[in-house]
Amino acid sequence: MPDRAPQPVDRQLPTDEARDLISLVRDIAQREIVPSAAEEEDAGRFPREVFALLSESGLLGLPYDAEHGGGDQPYEVYLQVLEELAAARLTVGLGVSVHTLASYALAAYGTKEQQAEHLPAMLGGGLLGAYCLSEPASGSDAASLRTKAVREGDDWVIDGTKAWITHGGIADFYTVMARTGEDGPRGITAFLVPGDAEGLSAAVPEKKMGLKGSPTAQVHFDGVRVPDARRIGDEGQGFAIALSALDSGRLGIAACAVGVAQAALDEALSYAGQRRQFGRPIADFQGLRFMLADMATQIEAGRALYLTAARLRDAGLPFAKQAAMAKLHCTDTAMRVTTDAVQILGGYGYTADFPAERYMREAKVLQIVEGTNQIQRMVIARHLAGPEGR
């Protein structure tokens, strides 16, 4: 029987350094992440020691400047690292994406003094970040957030509750959007809040259908006092900062989705090459071969789409439309591909003895986080046809 074992993704990388980086990531994934992924996800255990290793290896600040401890890598490379990590375990890939998102505001809008003081620890000092925009009553309508920050002398006092916060309760720093002025998007300001700030607490993590190893929790701010030196950007600029961060963050979700889909395809290929029915491997049957071909095609299309958006970003060109397209297509692809992988494994695909069912459960959340796919369609349509109700 011919060898049908899945092969590593053949990546088009811009430099030898990038190729070495991918090799390092694959080695870490196979040694430190994959062996315990299923057991730890089932137990709901967050692998903090893996994130410490990633930080030591320079993998938590890849797209940021080396001056402050970053990796000076283009988004084209950073996203392919995310894909590899997500294929090994989504909790890790998504966690790196969220940490990068949480670091964005300071890296892009902070003063030189703020960057010099905080970024080295955030990017390479073992810290883990969280991004606080959503609230119990403001998800897709993020501009209606109610968490308030009131000026008291040289400090700001923050009160309110954030919801659906990845790393809520375990993060070392939180990038927080709070209302400092009028209703609507122009009254929101960004703050960098330390995880051990007095008055900051987290609720019990949500019980989720998938991604159980990644804590998602409400975060409460009860008179949390932060100095004005931790305000990021101008007063009232927070919502613009948040949207700018999400454009890049959506590419991270797209890359993670492709990683999960690729892992599901690899599992289906391996199973189909070994499982025999009617005297031959089921991979010989045309019905399954066509399913595998469709799965692989959708994955390649998603990878090409997120890389196109990343290259626009790296060139300093507008990429918001392409980022929304990538997030939409790649996460929908992950849902289709993981569902088909379960089908190919048949009854075994529905059991926890194989990872296909976990991939399927994890893929679902990627259609929801960092802007639901319905919101992505709205964003794309605005770029195509202009704002609604003109």
For this session: Start with the C-alpha distance between Arg313 and Ser248, add both sets of side-chain angles, then the distance that settles side chain to side chain donor-acceptor pair (under 3.5 Å), and finish with yes or no.
Result: CA-CA 8 Å; Arg313 186 190 189 280; Ser248 297; 2.9 Å; yes

For this session: Mark yes when over 12 heavy atoms from residues, nucleotides or ligands other than Phe285 sit less than 6.0 Å from its CZ; otherwise mark no.
Result: yes

For this session: Give the intermediate values and the outcome of side chain to side chain contact (heavy atoms under 4.5 Å, CB included) for residues Tyr131 and Leu246.
Result: CA-CA 10 Å; Tyr131 179 80; Leu246 286 174; 3.9 Å; yes

For this session: Show your working on side chain to side chain donor-acceptor pair (under 3.5 Å) between Arg336 and Thr333 and close with a plain yes or no.
Result: CA-CA 5 Å; Arg336 286 192 298 269; Thr333 288; 3.2 Å; yes

Problem set entry | All pairs passing ring pair (Phe, Tyr, Trp, His ring centres under 6.0 Å) where residues 27-51 contributes a residue, at least two apart | Phe46-Phe51, Phe46-His167

Exercise. Hey, are the side chains of Asp222 and Asp159 touching, using non-hydrogen atoms and a 4.5 Å cut-off?
Worked result: yes

Exercise. Measuring from Leu366:CG to Thr338:OG1, what's the distance to the nearest 0.5 Å?
Worked result: 9.0 Å

Seminar exercise, completed: In short, ring pair (Phe, Tyr, Trp, His ring centres under 6.0 Å) pairs touching residues 175-228 with sequence neighbours left out are Trp156-Phe191

Problem set entry | Least distance between heavy atoms, Leu265 atom then Leu292 atom | CD1-CD2, 4.0 Å

Seminar exercise, completed: In terms of heavy-atom contacts, Val193 and Leu200 come closest through CG1-CD1, 3.8 Å

For this session: Determine whether Val258 and Leu21 fall in the same hydrophobic cluster, where Ile, Leu, Val, Met, Phe, Trp and Tyr are linked whenever their side-chain heavy atoms lie under 4.5 Å apart.
Result: yes

Seminar exercise, completed: Exactly one of Lys162, Arg179, Lys148 clears salt bridge (charged side-chain N to carboxylate O under 4.0 Å, His left out) with Glu135, and that residue is Lys162

Exercise. So, are Lys327 and Glu370 salt-bridged, with charged N and O less than 4.0 Å apart?
Worked result: no

Problem set entry | Residue pair Gly110 / Gln115: nearest heavy atoms and the distance that separates them | O-NE2, 3.2 Å

For this session: Report yes if the side chains of Leu119 and Leu106 come closer than 4.5 Å at any heavy-atom pair, otherwise no.
Result: yes

Exercise. Should Glu84 and Arg26 count as an ion pair when the cut-off is N to O under 4.0 Å?
Worked result: yes

Exercise. Can you name the nearest heavy-atom pair linking Ala88 to Ile33, along with the distance?
Worked result: CB-CG2, 3.8 Å

Problem set entry | ILVMFWY network linking Leu243 to Met177, side-chain heavy atoms under 4.5 angstrom | yes

Problem set entry | For Thr100, all residues meeting side chain to side chain donor-acceptor pair (under 3.5 Å), sequence neighbours excluded | Tyr78

For this session: Would you give the length of the straight line joining atom CG of Leu54 to atom CD of Glu56, rounded to the nearest 0.5 angstrom?
Result: 9.5 Å

Exercise. So which of Gln298, Gln80, Gln262, Gln12 actually passes side-chain hydrogen bond (donor to acceptor under 3.5 Å, both in side chains) with Arg303?
Worked result: Gln262

Exercise. Does some side-chain heavy atom of Arg358 sit less than 4.5 Å from a side-chain heavy atom of Glu362?
Worked result: yes

Exercise. Using 4.0 Å as the upper bound for N to carboxylate O, is an ion pair formed by Arg48 and Asp172?
Worked result: yes

Exercise. Within 45 degrees of the axis of the six-membered ring of Phe319 and under 6.0 Å from its centre: does Arg311 put its NZ or CZ there?
Worked result: no

Exercise. Do Asp72 and Asp65 come close enough that some side-chain heavy atom pair is under 4.5 Å?
Worked result: yes

Exercise. Are side-chain heavy atoms of Thr216 and Pro205 found at a separation under 4.5 Å?
Worked result: no

Problem set entry | Neighbour count >12 (heavy atoms, 6.0 Å) for atom CD, Glu49 | yes

Problem set entry | Taking every non-hydrogen atom, the tightest pair across Pro47 and Thr91 | CD-CG2, 3.8 Å

For this session: State, yes or no, whether a side-chain contact exists between Tyr359 and Leu90 at a heavy-atom distance under 4.5 Å.
Result: no

For this session: Count the heavy atoms belonging to other residues, nucleotides or ligands that lie under 6.0 Å from CD of Gln114, then report whether that count exceeds 12.
Result: yes

Exercise. If two hydrophobic side chains count as joined below 4.5 Å and joins carry through other members, does Ile344 share a cluster with Ile299?
Worked result: yes

Exercise. Would Asp155 and Val226 satisfy side chain to side chain contact (heavy atoms under 4.5 Å, CB included), going step by step from the backbone distance to the final call?
Worked result: CA-CA 6 Å; Asp155 294 340; Val226 295; over 6 Å; no

Exercise. Any side-chain heavy-atom pair from Phe173 and His118 closer than 4.5 angstrom?
Worked result: no

For this session: Mind checking the NZ-CE spacing from Lys364 to Met335? Nearest 0.5 Å is all I need.
Result: 6.0 Å

Exercise. Checking side chain to side chain contact (heavy atoms under 4.5 Å, CB included) for the pair Leu123/Leu60: CA distance, chi angles, key distance, verdict?
Worked result: CA-CA 6 Å; Leu123 301 182; Leu60 287 190; over 6 Å; no

Exercise. Under the 3.5 angstrom rule, does the side chain of Thr308 hit a backbone N or O of Ala304 as a donor-acceptor pair?
Worked result: yes

Exercise. Honestly curious: do Leu59 and Leu128 fall in one hydrophobic cluster under the side-chain, below-4.5 Å linking rule?
Worked result: yes

Seminar exercise, completed: Taken to the nearest 0.5 Å, the spacing of Ile368 CD1 from Thr331 OG1 works out to 10.0 Å

For this session: Examine Leu269 and Val9 and state if one hydrophobic cluster contains both, with Ile, Leu, Val, Met, Phe, Trp and Tyr joined whenever side-chain heavy atoms are less than 4.5 Å apart.
Result: no

Problem set entry | Side chain proximity check, Ser138 to Arg146, heavy atoms < 4.5 angstrom | no

For this session: Mind running side chain to side chain contact (heavy atoms under 4.5 Å, CB included) on Met122 and Thr175 for me, showing each step along the way?
Result: CA-CA 12 Å; Met122 290 164 64; Thr175 296; 5.5 Å; no

Problem set entry | Side-chain donor-acceptor pair present, Gln73, Glu17, cut-off under 3.5 Å | yes

For this session: Give, for atom CD1 of Ile170 and atom OG of Ser214, the distance between the pair rounded to the nearest 0.5 Å.
Result: 7.0 Å

Exercise. Looking only at heavy atoms, what is the nearest atom pair of Ala310 and Leu79, with distance?
Worked result: CB-CD1, 3.6 Å

Exercise. At what distance, to the nearest 0.5 angstrom, does OH of Tyr104 lie from CG of Asp247?
Worked result: 8.0 Å

